[in-house]
Amino acid sequence: MKKMGKTAALLAAAAAVFALSLWGPEALARYRDKSVFLQVHQQQTGQANEGYRYTLSANQRLGILAAGLQSQAFSENSVYGSENLQTQQLGSTYAFVENQNGPTGREITQEQIYETCNAQLETFVQLGILPSGVKEVDAQSYSAVLYSAIDVPEPRNSVAVWKVGLSEDRNNTDKSHRLIDAYIDADSGKIYEFYVRTDLRWEDIDPDAVLDAWQEYMGLEGRQPFESDNPLLETTPYYRKYVFEGMDGGKTVVTVGFYEGIKELFLKIS
């Protein structure tokens with residue numbers, strides 16, 4: 001009797017397994033379909049706008065802009081240059097091009113750029129980078145053009161900047177205490193490069209202090225001394241150069257300098 005009971009139990013278990021194998025997958029599929037189709041689910045894919053903004057460090061952004069500006073200067077000085085192009089890729093992997101489409105909604109707009117520039121100039125005064133008394137910029141006296149510096153093989157590595165400059169029709173006006181040119185980050189509003197007329201003398205300027213304040217303001221790291229005794233690096237004897245780590249192991253040179261005749265203080269990248 002016990003042996004027959006065990007046999008019956010085994011047969012019942014086998015029948016249950018067989019029935020589950022037939023009915024189970026269909027029931028499980030219906031359950032999963034119900035949980036998927038009758039509910040709203042959210043999932044981060046990591047792909048949205050991936051090509052538009054790629055996380056770059058302050059040093060990398062500085063390096064991309066410097067390389068783009070150098071590419072532009074190279075094309076302008078080349079016999080192959082074209083007045084209709086902002087840059088030509090003559091062996092360079094970077095480009096500096098005017099953004100014909102305008103701000104996308106994430107960048108500072110043309111209406112905002114002058115107010116942003118004035119706020120940053122005031123910050124420079126507070127940080128001791130510029131003396132007080134620099135006149136405000138406005139749409140009547142200045143032009144503002146949106147550019148993009150782009151790593152051509154990797155276009156996601158790009159930096160959008162506004163170039164704010166004294167309008168050409170204002171060339172005959174008094175430029176004292178005025179911003180002449182500046183490159184301004186279209187995302188953060190921070191000033192990468194500037195030329196400003198002042199009443200200072202080179203003896204009044206501490207370039208190390210200027211660079212210290214600007215470096216902290218930009219959030220840059222890895223500053224190194226610039227080692228070169230070439231007297232032909234600048235068209236003025238009044239300058240000091242510094243080096244920062246750039247993009248992909250490259251170097252970015254930052255120059256704090258002064259044109260004595262016109263009393264123009266500048267900070268530029270290359």
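Every heavy atom of this structure was used, including side-chain atoms; hydrogens, water molecules and symmetry mates were not.
Counting all heavy atoms, side chain and backbone alike, S71 lies closest to A95 at OG-CA, 4.1 Å. Nearest heavy-atom pair across A186 and L146 is CB-CD1, 3.9 Å. Scanning all heavy atoms of the two residues, the minimum distance from G189 to I108 falls at CA-CD1, 3.6 Å. In terms of heavy atoms, L179 sits closest to Y142 at O-OH, 2.7 Å. Nearest approach of S167 to S143, heavy atoms of both residues: OG-N, 3.4 Å. The shortest non-hydrogen separation linking G219 to N59 is O-OD1, 4.4 Å.
Side chains of Q120 and Y217: a donor-acceptor N/O pair is present below 3.5 angstrom, by distance only. Under the 3.5 Å distance criterion, with hydrogens and angles disregarded, a donor-acceptor pair is assigned to the side chains of D174 and S176. A donor atom on one side chain and an acceptor atom on the other are found under 3.5 Å apart for T109 and Q112.
In this structure the side chain of S228 reaches within 4.5 angstrom of the side chain of L233, judged on heavy atoms. A heavy-atom distance below 4.5 Å is not found between the side chains of E136 and Y114. Contact annotation: the side chain of Y94 never approaches that of I150 to less than 4.5 Å [non-hydrogen atoms, C-beta and beyond]. Side-chain contact check for I113 versus V164: some heavy-atom pair is nearer than 4.5 Å. Contact check for I191 versus W214: no side-chain heavy atoms found under the 4.5 Å cut-off. Side-chain atoms of P207 and Y242, non-hydrogen and from C-beta on, do get closer than 4.5 Å to each other. Residues R178 and V196 form no side-chain contact, since every pair of their non-hydrogen atoms from C-beta on lies 4.5 Å or further apart. Inter-residue side-chain proximity for L267 and Y195 is flagged as unmet; no heavy-atom pair is nearer than 4.5 Å.
Without hydrogens or angle criteria, S141 side chain to V137 main chain gives no donor-acceptor distance under 3.5 Å. Side chain of E216 to backbone of A213: no donor-acceptor contact under 3.5 angstrom is found.
Using a cutoff of 4.0 Å between basic side-chain nitrogens and carboxylate oxygens, R197 and E264 are scored as salt-bridged. Using a cutoff of 4.0 Å between basic side-chain nitrogens and carboxylate oxygens, K263 and D204 are not scored as salt-bridged. Ion pairing between a basic and an acidic side chain is recognised when a charged N comes within 4.0 Å of a carboxylate O; E98 and K163 show no such pairing. With respect to the salt-bridge test (charged N to carboxylate O, under 4.0 angstrom), the residues R61 and D185 qualify.
A side chain to side chain contact (heavy atoms under 4.5 Å, CB included) with F266 is found for one member of D181, T236, I180 and no other, namely T236.
For CD of E227, the number of neighbouring non-hydrogen atoms (other residues, nucleotides, ligands) closer than 6.0 Å is 12 at most. Atom CD of E203 has more than 12 heavy atoms from other residues, nucleotides or ligands within 6.0 Å. Around atom CD of E221, no more than 12 heavy atoms belonging to other residues, nucleotides or ligands sit under 6.0 Å away.
Atom OG of S158 is separated from atom CG of N99 by 9.5 Å, given to the nearest 0.5 angstrom. In this structure, CG in L65 is found 11.0 Å from OG in S270, a value given to the nearest 0.5 Å.
V243 and L220 fall into different hydrophobic clusters, where Ile, Leu, Val, Met, Phe, Trp and Tyr side chains are chained together by heavy-atom contacts under 4.5 Å. Using a 4.5 Å cut-off between side-chain heavy atoms of Ile, Leu, Val, Met, Phe, Trp and Tyr, with links allowed through other members, V145 and I184 fall into the same hydrophobic cluster. Linking Ile, Leu, Val, Met, Phe, Trp and Tyr whenever their side-chain heavy atoms come within less than 4.5 Å leaves Y239 and I129 in two separate clusters. L211 is connected to V125 through a chain of hydrophobic side-chain contacts under 4.5 Å among Ile, Leu, Val, Met, Phe, Trp and Tyr, so both are in one cluster.
Ring centroids of Y183 and F194 are separated by 6.0 Å or more, keeping the two rings apart.
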Please report, to 0.1 Å, the donor-acceptor pairs under 3.5 Å made by any side chain of residues 250-260, with sequence neighbours excluded.
from, atom 1, to, atom 2, distance (Å)
K251, NZ, E245, OE2, 2.6
T255, OG1, K241, NZ, 2.7
E260, OE1, Y238, OH, 3.4

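Using cut-offs of 30° and 60° for the angle between ring planes, the Y147 and F96 rings count as parallel.
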> Stepwise, does the salt bridge (Lys or Arg N to Asp or Glu O under 4.0 Å) test hold for D208 with R240?
Replying inline: CA-CA 8 Å; D208 289 335; R240 190 164 298 172; 2.9 Å; yes
